Number of protein chains: 2
Amino acid sequence: MILEALRAALGTDAVFDAAQVAERATSYWSQAPMQGAALVRPRSTDDVAAALRICHAAGQAVVTHGGLTGCVEGAIADPQSVIISLERMNVIEEIDPIGRTATVGAGVTMQNLQEAAREQGLLYAVDLGARGSCTIGGNVSTNAGGINVIRYGMMRAHVLGLEAVLADGTVISSMNRMLKNNAGYDLKQLFIGSEGTLGIVTRVVVRLDEAMSSRNSAMVALTSFEQVTQLLKRLQRELGGQLSAYEVMWGDYFRDVTEPGFHRAPLDRGHPYYVMLEAEGADADADAARFMAVMEGALADELVADAVIPQSETERRTLWEIRENFMALYRRQPIFLYDVSLPIREMPAYVAEVQARLKRRWPNSRCDVIGHIGDGNLHFFVHPGAEGEHLHEQSDEDVYAPLQPIGGSISAEHGIGTEKRRHLPISRSAAEIALMHTLKQTLDPKGILNPGKVL
Amino acid sequence: MILEALRAALGTDAVFDAAQVAERATSYWSQAPMQGAALVRPRSTDDVAAALRICHAAGQAVVTHGGLTGCVEGAIADPQSVIISLERMNVIEEIDPIGRTATVGAGVTMQNLQEAAREQGLLYAVDLGARGSCTIGGNVSTNAGGINVIRYGMMRAHVLGLEAVLADGTVISSMNRMLKNNAGYDLKQLFIGSEGTLGIVTRVVVRLDEAMSSRNSAMVALTSFEQVTQLLKRLQRELGGQLSAYEVMWGDYFRDVTEPGFHRAPLDRGHPYYVMLEAEGADADADAARFMAVMEGALADELVADAVIPQSETERRTLWEIRENFMALYRRQPIFLYDVSLPIREMPAYVAEVQARLKRRWPNSRCDVIGHIGDGNLHFFVHPGAEGEHLHEQSDEDVYAPLQPIGGSISAEHGIGTEKRRHLPISRSAAEIALMHTLKQTLDPKGILNPGKVL
């Protein structure tokens with residue numbers, strides 16, 4: 001049987017049985033025992049290829065595991081699945097300070113790569129909350145976003161090359177290390193953001209940047225969404241490309257997380273919008289002077305109603321906590337988290353419509369909103385304020401339906417996974433989905449790779 | 001016959017016959033009469049779809065024309081081909097200053113888009129010499145590079161959404177306008193850089209940036225390649241991300257283009273390397289002060305042997321002319337132009353090897369080198385200094401063969417087209433090329449789209 005074949009090919013220590021699988025937690029988000037017929041721990045691309053050849057011959061479903069921090073149940077396995085975990089492919093093979101590239105195994109964690117780059121005076125610019133657990137391979141498969149997209153782009157912009165194994169065990173090695181390479185089709189794009197359904201990414205070459213040495217931050221309050229967009233434009237223009245974060249909080253969110261017992265409010269709690277913003281550069285004195293001049297200009301022009309500038313790293317962290325630690329919202333249960341994108345100018349009307357729909361459905365519902373608005377990305381925290389069945393489905397309908405007429409996306413950065421699969425037609429046409437199926441059928445005709453995800 | 005069917009579907013004025021085709025020049029580079037059985041000028045995506053349905057049914061080969069400025073004979077048609085020219089799909093449909101996007105027809109020229117963006121205080125950051133003729137659709141199909149890649153990335157980084165027509169006339173509309181969208185497979189990647197072999201791009205959404213208002217430039221001389229890479233790193237670090245161009249000229253190139261009768265040499269002609277560099281920001285006074293401080297530091301540390309800073313726009317243009325106008329090299333004929341990429345640290349040894357191979361083959365040969373080295377991209381001008389047959393093929397061998405062991409690419413930014421097709425195996429493995437054929441077969445089973453190009 002398959003377990004024996006996998007053990008024969010990869011070694012006994014590389015293959016766990018169902019009982020050993022159940023000793024693991026399902027994911028970062030669920031402590032329930034993991035399900036799976038077996039879990040394979042390859043040490044190399046060749047190991048992955050050997051495992052896939054065996055599974056392919058048997059028509060065996062395979063689920064790939066990285067750090068298991070994804071938000072859309074994209075790596076969930078059923079009891080019949082063989083899991084391939086890349087946890088032992090966790091070597092940083094090389095950092096090239098001249099070419100500014102890192103070559104890594106897919107199982108390297110984001111934080112390990114960030115730290116290795118920093119030791120060389122370099123920056124690996126993709127960053128998000130799960131940095132300690134999520135892996136580079138997982139970030140590739142989901143085209144991870146995070147907090148630096150506005151300046152540095154998503155994961156796709158950082159992948160220069162990769163190695164992937166197709167469903168039948170064929171190794172596609174495209175380990176390009178250059179910013180420019182137009183020699184034929186850019187095959188790596190197939191594996192970025194396809195959530196493990198078209199191949200298993202085993203090694204990656206990523207772009208690094210020079211580390212910045214200065215940082216200036218502020219939290220500001222604003223009175224209209226127009227001011228929120230005008231301030232963003234002004235900062236991107238006047239800071240000469242140094243803006244690295246522009247995180248918007250709608251007033252309700254700010255008030256909820258600064259209620260007594262949670263964060264202390266650094267600004268009056270009555271404003272309609274708040275923004276946490278940050279710029280990074282290379283000249284501490286000059287950058288600070290410019291940052292203050294730009295902020296003073298925004299205050300003088302009444303673009304900003306109020307502002308607080310942290311005077312220490314501790315104060316800065318305290319401000320960021322307001323944006324990043326929203327545990328206050330989780331007092332109310334259930335709560336549903338959303339990750340959508342839409343054109344910036346559509347945001348105020350869209351948010352108002354979603355909130356109105358939810359209020360019509362559930363008069364006591366709450367809908368808190370934050371966003372990486374420079375990226376077109378909003379996150380919603382919906383508390384229906386009601387009990388009963390199908391709350392989540394009804395909430396989905398209220399959040400997703402208004403996206404269709406404005407060309408919005410049901411997934412900005414989290415992916416589709418299992419959770420959003422049935423909503424895909426809201427954001428993609430029948431012709432697009434048919435072409436996705438064609439690609440899937442072509443690369444994985446037996447449908448063994450991460451079945452039930454995305455499509 | 002096909003001509004009649006196309007006229008019936010698109011209108012008489014939309015279809016030229018072979019005689020009318022022959023009134024056009026083959027390309028930007030060749031004044032020979034264009035070949036083709038017909039040339040179709042659609043006004044809309046629906047027109048393109050109608051034309052492709054007719055051609056698909058008949059198994060008729062189709063070549064798509066943009067601005068015809070490509071360097072690798074990627075748009076060349078034979079007398080049996082039907083040409084689809086997107087010249088009438090040249091409308092800038094929308095510029096969104098808040099979302100910083102432009103929605104354009106594929107036939108819009110780069111320069112028209114650059115100017116339309118500038119009028120709104122925005123920057124369309126892709127730029128290259130053929131800006132007045134090349135089209136956005138052509139730039140997408142070839143994943144254009146150019147002079148701003150070091151800061152802003154290639155065309156692929158600027159395409160947010162697109163509409164393409166498949167070989168059978170199916171319209172794939174993926175007109176996303178957001179920086180983040182992970183709703184299923186990113187289908188647009190199939191059409192970027194595949195040179196019209198997988199579909200015809202008809203409309204595009206591109207990302208814009210805020211326009212910068214300050215610019216500082218210098219031309220410097222350096223004594224070693226290590227200094228060239230060290231200076232690049234220092235500028236990227238100390239200018240806080242403002243470096244927008246770093247164009248290296250090997251000494252032989254500099255001397256050749258500054259011979260009597262051509263450019264005046266602004267620096268002593270005896271140095272091994274020269275770099276034209278530029279930084280763009282948003283604060284004229286502060287940026288100039290910092291730029292001068294960084295340059296003075298590089299001189300003080302003897303990283304740079306000599307430097308000239310232009311004092312006016314005219315002086316700046318004069319410096320750029322040394323890099324951009326290499327007509328001096330074309331006195332010697334024949335001359336072969338190359339566009340390769342490789343890891344930066346491999347460059348000195350690679351250049352030395354190519355030059356040694358050429359000297360062994362042709363003792364009087366010359367090989368001038370310039371490069372966007374931050375992108376890993378070198379351009380060679382090879383003059384074999386000999387007469388006879390197969391000069392180009394032999395030169396190709398000397399330039400391309402040494403790329404294989406170092407993971408270099410035979411095409412950094414120009415693409416493969418017809419010209420580099422037979423060399424593709426130097427840069428891509430058999431498994432990669434087989435997967436490219438699989439994609440081609442899946443999307444264009446009759447092989448009607450731009451046959452003979454890339455694969």
Side-chain angles (χ1 to χ4, degrees), chain A residues 98-99 143 145 149 154 157 170-174 177-187 189 193-194 210 212 229 233 236-242 281-283 286 290 341-345 375-377 407 409-413 415-416 424 427-429 431-432 435-436 438-439 442 454, chain B residues 96 98-99 143 145 149 154 157 170-174 177-187 189 193-194 210 212 229 233 236-242 281-283 286 290 341 343-345 375-377 407 409-413 415-416 424 427-429 431-432 435-436 438-439 442 454:
Chain A
I98 301 299
N143 186 27
V149 173
M154 295 184 79
T170 302
V171 176
I172 301 292
S173 189
S174 298
R177 291 173 287 167
M178 291 80 72
L179 286 191
K180 284 182 178 167
N181 186 346
N182 275 344
Y185 302 166
D186 192 3
L187 299 172
Q189 305 298 342
S194 53
E210 293 297 324
M212 295 290 103
T229 60
K233 272 184 80 75
Q236 291 195 306
R237 202 166 53 234
E238 298 190 354
L239 293 174
Q242 296 198 347
D283 184 332
R290 182 180 310 189
S341 63
L342 61 151
I344 299 170
R345 62 183 175 186
D375 314 329
N377 186 188
S409 171
I410 59 165
S411 180
E413 55 184 5
I416 297 297
L424 192 57
S427 291
R428 307 301 293 264
S429 67
E432 287 177 285
L435 182 52
M436 292 182 204
T438 299
L439 289 174
T442 301
V454 186
Chain B
D96 173 357
I98 301 299
N143 187 28
V149 174
M154 296 185 78
T170 302
V171 176
I172 301 293
S173 188
S174 298
R177 292 172 286 169
M178 291 80 71
L179 286 192
K180 285 182 177 167
N181 186 347
N182 275 344
Y185 302 165
D186 192 3
L187 300 173
Q189 305 297 342
S194 53
E210 293 298 324
M212 294 290 103
T229 61
K233 272 184 80 74
Q236 290 196 308
R237 203 165 51 234
E238 298 190 353
L239 292 175
Q242 295 198 348
D283 184 332
R290 180 180 312 188
S341 63
I344 299 170
R345 61 183 176 186
D375 314 330
N377 186 187
S409 171
I410 59 164
S411 180
E413 55 184 6
I416 297 298
L424 192 58
S427 292
R428 307 301 293 264
S429 67
E432 286 178 287
L435 181 52
M436 291 181 205
T438 299
L439 288 174
T442 301
V454 185

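Owing to the predicted nature of the structure, the values given are computational and were not obtained by experimental measurement. Throughout, protein chains are lettered first and strands after them, A, B, ... in sequence-line order, and every chain is numbered starting at 1.
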Contacting moiety of B:Leu424, where chain A heavy atoms sit under 4.5 Å: side chain
- prompt: Which atoms of B:Gln242 come close to chain A, meaning under 4.5 Å heavy atom to heavy atom: side chain ones, backbone ones, both, or neither?
  reply: side chain
query: What part of B:Met436 lies closer than 4.5 angstrom to a heavy atom of chain A: side chain, backbone, both or neither?
result: both
Which portion of B:Asn377 sits near chain A, non-hydrogen atoms under 4.5 angstrom: side chain
- prompt: Any idea which of B:Leu239, B:Leu435, B:Thr229 has the most non-hydrogen atom pairs under 4.5 angstrom with chain A?
  reply: B:Leu435
- prompt: Looking at A:Ala282, A:Gly99, A:Ala286, A:Gly193, which makes the most heavy-atom pairs under 4.5 Å with chain B?
  reply: A:Ala282
- prompt: So do the side chains of A:Glu413 and A:Asp375 get within less than 4.5 Å of each other, counting heavy atoms only?
  reply: no
query: How would you list, by chain and number, every residue that makes a salt bridge (Lys or Arg N to Asp or Glu O under 4.0 Å) with A:Asp186, sequence neighbours excluded?
result: A:Lys188, B:Arg156
- prompt: At what distance, to the nearest 0.5 angstrom, does CD of B:Gln189 lie from CD of A:Gln189?
  reply: 4.0 Å
message: I need the residue from A:Val171, A:Leu179, A:Val149 with the largest number of non-hydrogen atom pairs under 4.5 Å to chain B.
response: A:Leu179
statement: Pair count under 4.5 Å, heavy atoms only, with chain B: among A:Gly281, A:Ser341, A:Gly415, A:Ala412, highest is A:Ala412
message: Between A:Ile344, A:Val454, A:Leu187, A:Thr442, who has the most heavy-atom pairs with chain B when the cutoff is under 4.5 Å?
response: A:Leu187
task: For each of B:Gly407, B:Ser429, B:Ser194, B:Pro343, tally heavy-atom pairs with chain A at distances under 4.5 Å, and name the one with the top tally.
output: B:Pro343
- request: Heavy-atom pairs under 4.5 Å with chain B are the metric here; pick the option from A:Gly145, A:Gly184, A:Ser173 that has the most.
  value: A:Gly184
- prompt: Counting distance only, does the side-chain N/O of A:Asn182 pair as donor-acceptor with the main-chain N or O of B:Asn143 below 3.5 Å?
  reply: yes
- line: Cut-off 4.5 Å, heavy atoms of chain A, and the answer for B:Arg237 is both
- line: Value for OG (B:Ser411) from CG (A:Asn181), rounded to nearest 0.5 Å, stands at 7.5 Å
task: Tell me, for B:Ser427 versus chain A, whether the close heavy atoms (under 4.5 Å) come from the side chain, the backbone, both or neither.
output: side chain
- prompt: Does any heavy atom of chain A fall under 4.5 Å from the side chain of B:Arg428, the backbone, both, or neither of them?
  reply: side chain
task: Would you mind telling me which of A:Ile410, A:Ile172, A:Thr438, A:Thr170 has the largest number of heavy-atom pairs within less than 4.5 Å of chain B?
output: A:Ile172
- request: Given salt bridge (charged side-chain N to carboxylate O under 4.0 Å, His left out), test B:Asp96 with B:Arg177 step by step and report yes or no.
  value: CA-CA 10 Å; B:Asp96 173 357; B:Arg177 292 172 286 169; 5.7 Å; no
statement: Under 4.5 Å to a heavy atom of chain A? For B:Ser174 that would be both
- prompt: With respect to chain A, which residue among B:Met212, B:Met154, B:Lys233 yields the maximal number of heavy-atom pairs within a distance under 4.5 Å?
  reply: B:Lys233
Contacting moiety of B:Ala157, where chain A heavy atoms sit under 4.5 Å: neither
